[in-house]
Amino acid sequence: MPVIGALLKKLIEFSDTFVNEGSPAEAQEKVLRALLEKAKDTAFGQHYQFEGILASPSVKEAFAATVPFHNYDKMHSEWWHQVLAGETDITWPGKPHYFALSSGTTSHSKHIPVTDEMLASIRTSAIRQIMSLSEFNLPPSFFEKQIMMLGSSTHLKEKEDHKEGEISGISASNIPFWFRSYYKPGIEISSIDDWDTRIEQIAQHAKEWDIGSLSGIPAWIELMLKRVIEYHKVDTIHDIWPNLMVYASGGVALGPYKSSLDKLFGRPMIYTDTYLASEGFLAFQPRPDTESMRPVFDNGIYFEFVPFEENIIQEDGGLDPSAKAIPIEEVQEGIDYVLLISTVAGAWRYMIGDTVRFTDKSRYEFIISGRTKFFLNAVGCQLSVNQMEQGIQELNQHFSMDITEFTVAEVRRDGQFIHQWYVGANTVIDNEQIAAYLDHTLCEINKNYAVARSRALKDVKVTVIPTQLFHDWNAATKKLGGQTKVPRVMKEQQFNEWEEFVKSHSEEVTNAMTSSGDR
């Protein structure tokens, strides 16, 4: 038994017993009070009378009654544009040293403040996640192995008084010195801007490292593993990294990627999920016998939850001001909630853009059930991304496919609404056959969708294209290697651009699918 690994494992187990945030409700009230106290003298705090909120009999109720909901556009146009211009004490004391860039699926790049307190919060949550591995019955030797963290470039853009980059790059560039010997591919390789060059460097150096765990968005991890395997002419990644045991996913739902990832591993892996957004490290999977995550309740982020109902999202992407937000102690299982956060980076009652659903109220564990902008609902079907991905997984199982990428839009054809899907696969299957099965599956999953199909939603179309086209789209739009990816749901203008892109590669599609059929 490795002595150092055994000591580290014992230390983690010992430390984990002392991480007790108390009841979530009490922890959250302490966080809210600390946020308000810290920011009461900022422009935002004075405008919304934080001192008065702190003096109220119920701070949570007074906060909800006084401070309005904010999405990014509202937060930026009213407050954060001043922070970006270098002004101090706007929504948080001082001014941030970093801004996280995130284009998401919007048409413009977001600049989200990242304060020193937020970097400390992210580090604390990351350490908590590592401590939670004591629940997974890993051998002591695992705790001596290196961690492959595949994020965006750590080469940040220098501005007059701050730096800009993706949140994964900002976090990696601030890794503590004591952790750098464990962190791979290391700062030098991670600072390479060009994705292909960075992956090539990882492939070349892969045999020098003893990787025990992986961390990153599934699509990036899959591409990286394929290149390492190809470069070294081996069968699986375990031929290169025999001690690899854990993959900590994040960024998108892992489910659609599992079958294709499993083929790259030489033996079963432990999969865990994380919720690291540009706005903070919000939650992680705390134990092995669940796929849900638990928010970190005592670490600089205050959570609120708005029941997701029809017409709650306004045309500008914001929430209906009359919607009621509830604190953690009032959530119920099985309900989709729009997630709001207030943070040590100066976000206040901020729509992060996700919906969550609690699967275990006693443990306060949830799953990400969808995106507020990614519900198909023009004809009342209320179809969430979570349900779409469930339908795709059913397709994979029924047709023995490996669909990991897809996009869909509600479009008008001859004056009527249809759902037009594009799915990435390297298997030849009849489009109409897939569409019929997917349609039937979604009717079973979602009763509102079934009703819509009998009325306003007139048809469902599916076009199978090579998975590589999704990666090519990312590269063509300069998104690969950043926080963004082909959106699961596209609006009309973006979908038109997507279809033009696919048509421009029609010869490649035909050749790829024909050669696949020949095999």
* Is there side-chain contact between His162 and Pro96, with at least one heavy-atom pair below 4.5 Å? -> no
* **Stepwise side chain to side chain contact (heavy atoms under 4.5 Å, CB included) test for Val489 and Met388** => CA-CA 10 Å; Val489 176; Met388 298 174 205; 3.5 Å; yes
* Does the ring of Tyr271 carry Lys258 above it, NZ/CZ under 6.0 angstrom from centre and within 45° of its axis? -> yes
* So Phe44 and Tyr48, would you call those rings parallel, tilted or perpendicular, with 30° and 60° as cut-offs? -> tilted
* Asked: Looking only at heavy atoms, what is the nearest atom pair of Glu87 and Lys95, with distance?
  -> O-CB, 3.9 Å
* Structure fact -> Residues Ala345 and Pro113: closest non-hydrogen pair is CB-O, 3.4 Å
* To do: Run the numbers on Glu135 and Arg294 for salt bridge (Lys or Arg N to Asp or Glu O under 4.0 Å), then give the verdict.
  => CA-CA 14 Å; Glu135 300 291 328; Arg294 177 183 168 91; over 6 Å; no
* Does the Ser213 side chain pair with the main chain of Tyr247, one donor and one acceptor, at a distance under 3.5 Å? -> no
* Asked: Would you say the ring centroid of Tyr422 lies under 6.0 angstrom from that of Trp473?
  -> no
* Are the side chain of His70 and the backbone of Trp348 linked by a donor-acceptor contact shorter than 3.5 Å? -> yes
* Quick one: which of Lys60, Arg349, Lys324 gives a salt bridge (Lys or Arg N to Asp or Glu O under 4.0 Å) with Glu304? -> Arg349
* To do: Let me see the working for Lys30 and Glu26 under salt bridge (Lys or Arg N to Asp or Glu O under 4.0 Å), right down to the final yes or no.
  => CA-CA 6 Å; Lys30 288 180 181 178; Glu26 291 174 357; 5.9 Å; no
* Okay, side chain of Lys361, backbone of Val331: is any donor-acceptor separation there less than 3.5 Å? -> yes
* Does the separation of the ring centres of Phe366 and Tyr337 fall below 6.0 angstrom? -> no
* State whether Glu405 and Arg488 are salt-bridged, where the test is any N-O pair (Lys NZ or Arg NE/NH1/NH2 against Asp/Glu carboxylate O) under 4.0 Å. => yes
* So Ser259 and Asn396, side chain to side chain donor-acceptor pair (under 3.5 Å) or not? Walk me through it. -> CA-CA 9 Å; Ser259 61; Asn396 282 337; 4.7 Å; no
* **Donor on one side chain, acceptor on other, Ser125 and Asn299, under 3.5 Å** => yes
* To do: Measure the spacing between OH of Tyr350 and CD of Glu279 and express it to the nearest 0.5 Å.
  => 4.0 Å
* Between Ile352 and Phe303, is a side chain to side chain contact (heavy atoms under 4.5 Å, CB included) present by the stated rule, with each step listed? -> CA-CA 11 Å; Ile352 198 167; Phe303 300 90; over 6 Å; no
